[in-house]
Amino acid sequence: MSAQTLHFVPSADFHARARAALDDPKLRQSFRGAMDFLQGKRSAQFPDANELEQLRDLGEAVRKHALAHLPDLLVQLERKLTEAGVQVHWAEDAEEANRIIFGIAQENKARRIIKGKSMASEEIELNHYLAERGVACMESDMGEYIVQMAGEKPSHIVMPAIHKTRADIGELFEQNIPDTPYTEDVDTLIQTGRRALRQAFVDADIGLSGVNFAAADTGTLWLVENEGNGRLSTTVPDIHIAIMGMEKVVAKLEHIVPLASLLTRSATGQAITTYFNLISGPRRPGEKDGPRQLHLVLLDNGRSQAYADEQLRATLQCIRCGACMNHCPVYTRVGGHAYGTTYPGPIGKIISPHLLGLEETADLATASSLCGACAEVCPVRIPIPQLLVRLRGEANRNPDEEVVHPLRGQGAKYSRGERLVWRFWSGAFASPAAYRTFRWAATRLRALAPKQQMGWTDHREPLQPAARSLADLLKARGQPE
Amino acid sequence: MSGPGPRERMLGRLRVASLNAAAVKTLPLLDHHIDVHFARRRPQSAATADPVAAMQTALTASHATVWCATCDEWPAQLAQKLSEANIRHLLLDSARAEAAALKPALPAQLKTLDFDRPLEEWKSELFSGVDAGFTVARSGIAATGTLILAPDAGTPRTVSLVPPLHIALVYASTLHADLHAAVHAERWAEGMPSNLVLVSGPSKTSDIQQTLAYGAHGPRWLWVIIVDDLAGGMR
């Protein structure tokens with residue numbers, strides 16, 4: 001499998017971007033307000049704690065069942081879709097997925113693609129790949145349209161333009177959409193976006209969408225949205241291409257019912273979204289609209305790495321609701337762009353190492369207080385803090401160490417010096433005699449403690465051993481150690 | 001000779017991964033737990049006690065205009081509203097019994113259109129020249145105020161999507177308590193149409209500073225007529 005990583009924002013510069021975000025009070029205010037809003041909306045949707053816990057149990061069980069049978073379910077999904085006239089493609093990495101989609105465009109002489117919301121397409125950086133080859137991709141989700149116009153990536157997986165104020169968007173529209181006066185009136189801005197995109201739906205050769213869930217038993221692609229742009233993108237153009245991470249399949253259509261309820265309530269605090277669009281094939285004989293060609297691209301792009309390890313496999317239970325980021329104290333303060341990855345926040349920290357490798361993402365797992373809020377709200381019970389600890393360990397593992405399931409970039413943060421310090425530390429604590437010697441030396445030589453202690457002293461006083469150890473104090477009081 | 005393709009390599013990687021099957025529920029057990037969860041909650045639900053009222057409440061909360069009517073009343077009521085809203089072009093499937101009931105009541109200035117050509121033959125006209133589309137829902141979901149639409153040759157997918165006003169008629173007798181009940185009662189697993197759409201309000205977005213705005217891309221207005229056919233109406 002190719003290890004090529006595509007990105008127009010380098011994901012490795014997390015520290016610098018986080019610092020810049022923390023220095024931007026407007027951004028912090030935007031995120032604080034948005035997260036409070038979304039937390040409140042979610043909370044109002046789950047007034048009955050018992051129901052929530054039962055539903056989470058079901059959600060977790062459905063996802064675990066699907067993952068346990070993933071290869072068989074993918075084959076079943078492919079068979080059902082193929083019977084219905086859908087062309088199924090398998091893509092091992094971003095490059096291959098892009099090549100497949102570009103190939104479909106070339107074969108059909110397509111130049112214009114209108115897109116519904118798709119994080120998988122963000123993940124493979126499809127827009128940039130196609131633009132370089134003369135195929136224009138236009139985002140039609142209002143938030144995605146705004147961030148595309150700004151030349152940015154989404155900063156949230158459910159609300160892509162959450163970092164922008166209405167004033168920012170007013171200016172963007174004034175500068176980029178002809179004959180558009182500046183306004184901060186949201187209704188006017190939305191109608192401006194609608195007018196600008198209306199013709200794009202008519203003119204597009206291809207509509208591209210993501211997939212929220214796929215049912216293997218009926219061969220149904222289940223798409224969730226509020227705006228109608230997803231329905232337009234998958235209905236009006238003559239060709240529809242859907243792209244989905246290969247983990248999104250479940251065994252049965254009815255298994256999606258609890259997942260859909262968890263998704264909409266956790267993500268935006270809605271009992272249901274305006275549209276559930278269930279697609280089970282292209283236009284059939286006699287039908288007068290809908291795409292004549294329907295393609296599904298099944299994407300691996302590092303997912304099989306997470307799948308191979310029983311603990312890390314839980315990462316793939318994710319239904320992309322974004323609740324973990326809405327409740328994360330780190331995400332709330334630095335915002336989505338600081339991560340530099342397609343999926344920010346807690347879920348981004350555990351999925352991105354598989355998509356991009358630990359070389360690019362080793363710092364992300366450390367950007368957590370391990371407070372556990374993400375796991376507490378996760379509708380499918382992904383043990384995110386445990387996975388973060390595991391990934392921290394993998395990033396610090398000796399790159400030459402042989403393990404059963406090696407991760408791409410294993411040992412990206414490995415430091416021989418740090419390893420030596422820990423070895424000394426554990427040796428000193430394992431032997432009473434060595435510990436006493438170390439304690440004696442540390443208290444007597446405390447004046448030699450360094451004044452600069454790496455990241456610790458950036459914001460705190462240097463650490464210095466006490467003049468007398470606890471053991472010495474106890475001894476002085478006649479108490480045993 | 002070339003090696004295995006991406007499909008085989010992807011499936012191969014998944015197949016070699018060890019499975020802890022003991023930690024996973026069997027399919028019958030999982031199905032049972034899902035059924036029990038929804039069945040247990042249903043008797044206490046307002047959607048079960050009075051599905052019409054629940055449907056109306058949920059749709060109203062979603063910013064739809066909803067009213068209940070008898071089988072005899074609704075055509076005149078709808079015609080009146082269309083006239084007040086100054087609707088000029090209405091997409092309507094003439095072959096349906098509901099169209100036959102509605103047409104005589106419609107105001108003279110309103111022109112009805114059949115979706116009698118493939119979309120690509122009149123795409124621009126549909127996008128710019130049609131004010132409203134009329135659909136008859138296959139059924140409804142009371143708990144969430146959801147219309148279940150199964151587009152067909154007479155009423156294709158875009159009827160409920162492209163015109164700025166979507167008018168849906170749903171019969172009270174078709175209302176299910178919740179989505180789980182609908183999936184089971186209608187036996188979705190036995191065969192799905194090429195497209196099934198669940199609509200729960202007009203098109204909307206909160207993408208600009210979490211401020212709710214309607215008519216983002218799809219219909220800005222949704223009118224729903226819940227027709228009381230439980231006492232033996234036109235169906």
Side-chain angles (χ1 to χ4, degrees), chain A residues 34 37 51 54 58 61-62 64-65 68 70-71 90-92 96 142-143 159 161 165-166 169 186-187 189-190 194 197-198 202 217-218 220 226-229 231-232 235 251-254 257-258 271-272 274-284 286-290 300 304 307-308 310, chain B residues 6-7 9-11 13-15 17-21 23-25 27 30 33-34 37 41 115 117-120 123-124 127 144 146 152-153 156-158 161 179-180 183-184 188-189 192-211 213 215-219:
Chain A
F37 172 78
E51 190 235 349
Q54 287 164 14
L58 287 182
V62 166
K64 277 193 184 302
H65 177 274
L70 187 57
W90 300 67
E92 289 194 278
E96 191 160 33
M142 207 58 82
M159 307 189 88
T165 63
R166 60 183 76 190
I169 296 162
V186 171
D187 220 31
L189 289 168
I190 293 297
R194 176 189 172 106
L197 283 162
R198 202 75 174 157
V202 176
D217 64 337
T218 58
T220 299
N226 276 311
E227 294 184 4
N229 68 304
R231 285 187 67 200
L232 284 161
T235 303
K252 298 172 75 170
L253 189 70
E254 64 189 70
V257 174
I272 192 169
T274 300
Y275 301 113
F276 280 175
N277 186 11
L278 281 57
I279 299 168
S280 305
R283 184 189 305 197
R284 292 179 188 169
E287 293 179 348
K288 299 194 185 76
D289 64 11
D300 182 334
S304 53
Y307 189 80
E310 203 168 326
Chain B
R7 177 185 187 277
R9 286 196 296 272
M10 284 164 67
L11 286 173
R13 280 197 294 276
L14 298 181
R15 288 199 194 283
S18 62
L19 298 176
N20 183 2
V24 176
K25 283 191 168 86
L27 195 59
L30 181 54
H33 283 179
I34 293 173
H37 173 81
R41 302 193 59 77
F115 206 126
R117 293 162 285 168
L119 172 67
E120 48 278 14
K123 211 184 264 188
S124 291
F127 270 75
T144 47
T146 302
D152 57 19
R157 310 172 195 205
T158 39
L161 179 62
L179 177 57
H180 179 265
V183 171
H184 276 261
W188 289 11
M192 291 287 283
S194 58
N195 188 216
L196 194 74
V197 185
L198 278 62
V199 178
S200 308
S203 154
K204 63 174 178 280
T205 184
S206 299
D207 267 346
I208 300 182
Q209 223 172 312
Q210 301 91 56
T211 307
H217 292 290

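Every heavy atom of this structure was used, including side-chain atoms; hydrogens, water molecules and symmetry mates were not. These numbers come from a predicted model, not from an experiment. By convention in this document, chain letters (A, B, ...) are assigned in the order of the sequence lines, proteins followed by strands, and residues within each chain are numbered from 1.
At least one side-chain heavy atom of B/V199 sits less than 4.5 Å from a side-chain heavy atom of A/Y275. Two residues are said to be in side-chain contact when any heavy atoms from C-beta on lie closer than 4.5 Å; A/F276 and B/L179 meet this criterion. By the 4.5 Å heavy-atom criterion applied to side chains, A/K252 and B/L27 are counted as neighbours. Put simply, the side chain of B/V197 reaches to within 4.5 Å of the side chain of A/N277, judged on heavy atoms. Contact check for A/K288 versus B/L119: no side-chain heavy atoms found under the 4.5 Å cut-off. A/V257 places none of its side-chain heavy atoms less than 4.5 Å from the side chain of B/I34. Using a 4.5 Å heavy-atom threshold, the side chains of B/K25 and A/K64 count as separate.
The ring-ring contact (aromatic ring centres under 6.0 Å, His included) test applied to B/H33 returns no partner, not counting sequence neighbours. Remark: A/E287 pairs with A/R283, A/R284, B/R157, B/S194 by the side chain to side chain contact (heavy atoms under 4.5 Å, CB included) rule, at least two apart or across chains.
The two residues A/A68 and B/V24 make their nearest non-hydrogen contact at CB-CG2, 3.7 Å. Nearest heavy-atom pair, A/I190 versus B/G215, reported as atom, atom and distance to 0.1 Å: CG2-O, 4.4 Å.
Residue contact with chain B, scored on non-hydrogen atoms closer than 4.5 Å, involves the backbone and the side chain of A/E51 alike.
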List the steps, then state whether side chain to side chain contact (heavy atoms under 4.5 Å, CB included) holds for A/T220 with B/W188.
CA-CA 10 Å; A/T220 299; B/W188 289 11; over 6 Å; no
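Ion pairing between a basic and an acidic side chain is recognised when a charged N comes within 4.0 Å of a carboxylate O; A/D300 and B/R13 show such pairing.
Note on A/G290, A/S280, A/G228, A/A61: by heavy-atom pairs under 4.5 Å with chain B, the leading option is A/S280.
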